[in-house]
Number of protein chains: 2
Amino acid sequence: MIGTPNRDRQAERREATRQEILTAAWDVARQNGIAGLTLREVAVRVGMRPPSLYSHFASKNAIYDAMFGQAWQDCMDWMTRAMADAPRAPRARLVALALAFFDYAMTDVERFQLMNVRVLPDFTPSADAYRPAVDCIEAGRAYVSELGITRDEDFDLYTALLAGLLSQQQANDPHGTRWRDLVPKAMDMFADAAGLPAGPEKSGPRRSRPTKAARQNSGRKS
Amino acid sequence: MIGTPNRDRQAERREATRQEILTAAWDVARQNGIAGLTLREVAVRVGMRPPSLYSHFASKNAIYDAMFGQAWQDCMDWMTRAMADAPRAPRARLVALALAFFDYAMTDVERFQLMNVRVLPDFTPSADAYRPAVDCIEAGRAYVSELGITRDEDFDLYTALLAGLLSQQQANDPHGTRWRDLVPKAMDMFADAAGLPAGPEKSGPRRSRPTKAARQNSGRKS
DNA sequence: GTCTATACACCGATAGAC
DNA sequence: GTCTATCGGTGTATAGAC
């Protein structure tokens with residue numbers, strides 16, 4: 001066949017501009033708020049006229065949808081990378097998992113709002129975009145489960161604790177670490193309640209490593 | 001003086017329509033999301049043309065501002081009422097305080113977003129509107145403090161835990177009680193970590209009372 | 001204090017030429 | 001695939017008559 005290579009190149013190029021559009025959309029969202037995304041602004045940033053975007057996305061909500069799926073997929077990658085070289089000791093590992101998600105969420109508030117907070121009344125993720133979200137949460141459940149914490153109720157409490165530290169940090173100290181610093185203590189509290197054996201560590205004034213994980217990021221940041 | 005009674009009546013009437021407008025604004029916010037509030041819709045509901053609203057509020061953000069202050073003032077009233085007949089035993093009291101705020105927040109998601117989540121990029125509460133918010137949080141700190149939990153760090157952890165249960169409930173089970181049911185367990189966990197003596201209770205399968213507190217509400221609900 | 005009329009800017013989306 | 005032109009709609013806010 002002589003058409004196939006061309007077909008591939010075209011599909012490749014098409015996917016590339018799709019990514020360009022999404023990158024621009026993230027930029028706009030970070031600047032104007034996730035709800036302040038406009039096709040005009042996106043088009044300007046990629047050097048197009050607004051109607052041209054419709055050659056790549058069926059609607060504005062289709063862009064949100066792609067962003068939603070991408071955010072959760074990136075989150076999964078980020079956490080997989082972070083957990084690969086996380087400590088093996090249960091309590092330290094619990095802290096590492098929490099900090100991984102915490103730091104991912106804090107690097108981009110608007111992204112986190114799209115992922116977790118319902119701020120777009122007339123946007124509902126499609127099944128395709130929702131799948132990475134479920135996968136990511138289930139991966140988190142698996143990490144916690146490996147430490148011997150297997151009850152659904154305990155995992156719900158874990159996610160709530162993490163979400164709360166995040167929520168407070170974003171709302172009341174968006175550029176500081178007031179609640180992030182409480183993560184180790186909070187995780188110890190949780191580990192005690194979930195019946196995780198204390199071990200020799202108890203993770204006292206351990207030096208956690210946000211910076212290393214943050215450095216090997218793909219580079220999307222305000 | 002003969003003008004004074006008329007002056008009073010006028011001021012009274014004026015304040016009444018101001019309240020009418022705010023009530024309509026809450027209705028619209030609940031229907032379209034807090035960011036979906038429009039002066040058109042508000043005006044229609046109150047039986048005015050949009051420009052007439054400017055006789056009562058200087059701008060749309062002035063309406064947000066009044067809503068913000070009102071929400072926190074109502075929250076303070078709600079919690080004062082709830083804590084008046086809350087149990088005296090420390091752990092039960094801690095649970096009661098948490099549930100009071102939890103239930104207030106859950107009765108109106110949009111109100112909670114205006115109060116706590118930054119979803120309106122170009123709205124910042126005025127000093128006047130912000131004062132009730134500080135007062136309400138400080139009242140909460142006082143309640144917790146009375147139980148012997150006085151360290152700032154512990155109160156930060158308490159607010160984070162509560163915010164997290166709320167956040168998860170709103171995002172993942174807005175009409176259920178999956179995370180609300182975890183409040184007693186979460187509070188026990190926190191009490192243990194904060195060094196609150198266990199006492200004879202330990203708040204096992206205690207029957208909490210969301211309904212009673214909810215019933216004596218002023219009546220703003222979806 | 002409320003109205004009509006209107007200014008002004010912005011939005012998402014479509015049609016059709018190239 | 002991208003463009004120009006445009007439709008039909010949204011929104012906040014102001015001016016001036018009554």
Side-chain angles (χ1 to χ4, degrees), chain A residues 3 6-25 27-29 31-68 114 119-124 126, chain B residues 3 6-25 27-29 31-67 110 114 119-124 126:
Chain A
N6 266 340
R7 201 75 64 83
D8 284 0
R9 268 188 58 91
Q10 279 186 13
E12 203 173 293
R13 183 75 194 99
R14 194 175 160 73
E15 179 57 27
T17 72
R18 226 181 110 95
Q19 280 303 325
E20 261 185 81
I21 292 172
L22 285 181
T23 300
D27 288 342
V28 175
Q31 184 162 339
N32 300 354
I34 188 66
L37 181 72
T38 69
L39 299 185
R40 272 179 149 76
E41 282 255 359
V42 174
V44 165
R45 301 216 183 204
V46 299
M48 283 181 175
R49 307 294 154 219
S52 305
L53 298 177
Y54 287 87
S55 300
H56 302 273
F57 291 94
S59 68
K60 183 183 176 182
N61 270 354
I63 296 183
Y64 276 133
D65 204 54
M67 293 169 80
F68 181 91
L114 177 62
V119 287
L120 306 172
D122 51 352
F123 164 66
T124 308
S126 66
Chain B
N6 266 340
R7 201 74 63 83
D8 285 1
R9 268 187 59 91
Q10 279 187 12
E12 203 173 291
R13 182 77 195 99
R14 194 176 160 74
E15 178 57 27
T17 72
R18 226 182 111 95
Q19 279 303 325
E20 262 185 82
I21 292 171
L22 284 180
T23 300
D27 287 344
V28 175
Q31 185 162 341
N32 300 354
I34 187 66
L37 181 71
T38 69
L39 299 185
R40 270 179 151 76
E41 282 254 0
V42 173
V44 165
R45 302 218 184 202
V46 78
M48 284 179 175
R49 306 297 156 228
S52 304
L53 297 177
Y54 286 85
S55 299
H56 302 272
F57 291 93
S59 69
K60 183 184 177 182
N61 269 355
I63 297 184
Y64 276 133
D65 204 54
M67 293 169 80
E110 307 303 333
L114 177 62
V119 287
L120 305 173
D122 50 353
F123 163 66
T124 308
S126 66

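Residue numbering restarts at 1 for every chain, and letters A, B, ... go by the order of the sequence lines.
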Would you kindly give the CG-to-P distance between B:L37 and D:dT10, to the nearest whole Å? 16 Å
Candidates D:dG1, D:dT14, C:dG1 - which lies nearest the side chain of B:P51: D:dT14
Would A:M48 and A:H56 satisfy side chain to side chain contact (heavy atoms under 4.5 Å, CB included), going step by step from the backbone distance to the final call? CA-CA 12 Å; A:M48 283 181 175; A:H56 302 273; 3.9 Å; yes
Quick one: do B:L22 and B:Q19 satisfy side chain to side chain contact (heavy atoms under 4.5 Å, CB included)? Show the steps, please. CA-CA 5 Å; B:L22 284 180; B:Q19 279 303 325; 4.1 Å; yes
Within the structure shown, what part of the strands sits under 4.0 Å from A:G36 by heavy-atom distance: base, sugar-phosphate, or nothing? nothing
Interatomic distance, A:R18 CZ vs D:dG1 P [rounded to whole Å]: 12 Å
For A:I21 and D:dT2, give me the distance from atom CD1 to atom C1', rounded to whole Å. 11 Å
Considering only side-chain heavy atoms of B:R14, which listed nucleotide, D:dT4, C:dG1, C:dT4, is closest? C:dG1
Separation of D:dT12 P from B:F57 CZ (nearest whole Å): 14 Å
Heavy atoms under 4.0 Å, any strand shown: does B:T38 hit a base, just sugar-phosphate, or nothing? sugar-phosphate
So which one's nearest nucleotide on DNA chain D is more toward 5', A:R40 or A:H56? A:H56
For A:E41 and C:dG12, what is the distance between atoms CD and C1' respectively, to the nearest whole Å? 15 Å
A:Y64 (side chain) donor-acceptor with A:S59 (main chain) under 3.5 angstrom: no
Among C:dC3, C:dG12, D:dT12, the nucleotide that comes nearest once only the side chain of A:Y54 is considered: C:dG12
Shortest non-hydrogen contact from A:A29 toward A:L37: N-CD1, 4.3 Å
Roughly how many Å is it from CD1 in B:I63 to P in D:dA13, rounded to a whole number? 9 Å
Please classify the nucleic acid contact of B:T17 as base, sugar-phosphate, or nothing, using heavy-atom distances under 4.0 Å. nothing
Just the rounded figure in Å: distance from P of C:dT6 to CG of B:L39. 21 Å
Please give, in whole Å, the distance from D:dG1 P to A:E15 CD? 12 Å
Nearest-nucleotide wise, let me know which of B:S55 and A:A58 is further upstream toward the 5' end of DNA chain C. B:S55
If every non-hydrogen atom of A:I34 is compared with every non-hydrogen atom of A:V119, which pair is closest and at what distance? CG2-CG2, 3.6 Å
Measure from the side-chain heavy atoms of B:R49 and tell me the nearest of C:dT4, C:dT2, D:dA13. C:dT4
A:S52 side chain N/O closer than 4.0 Å to the phosphate oxygens (OP1, OP2) of D:dG1? no
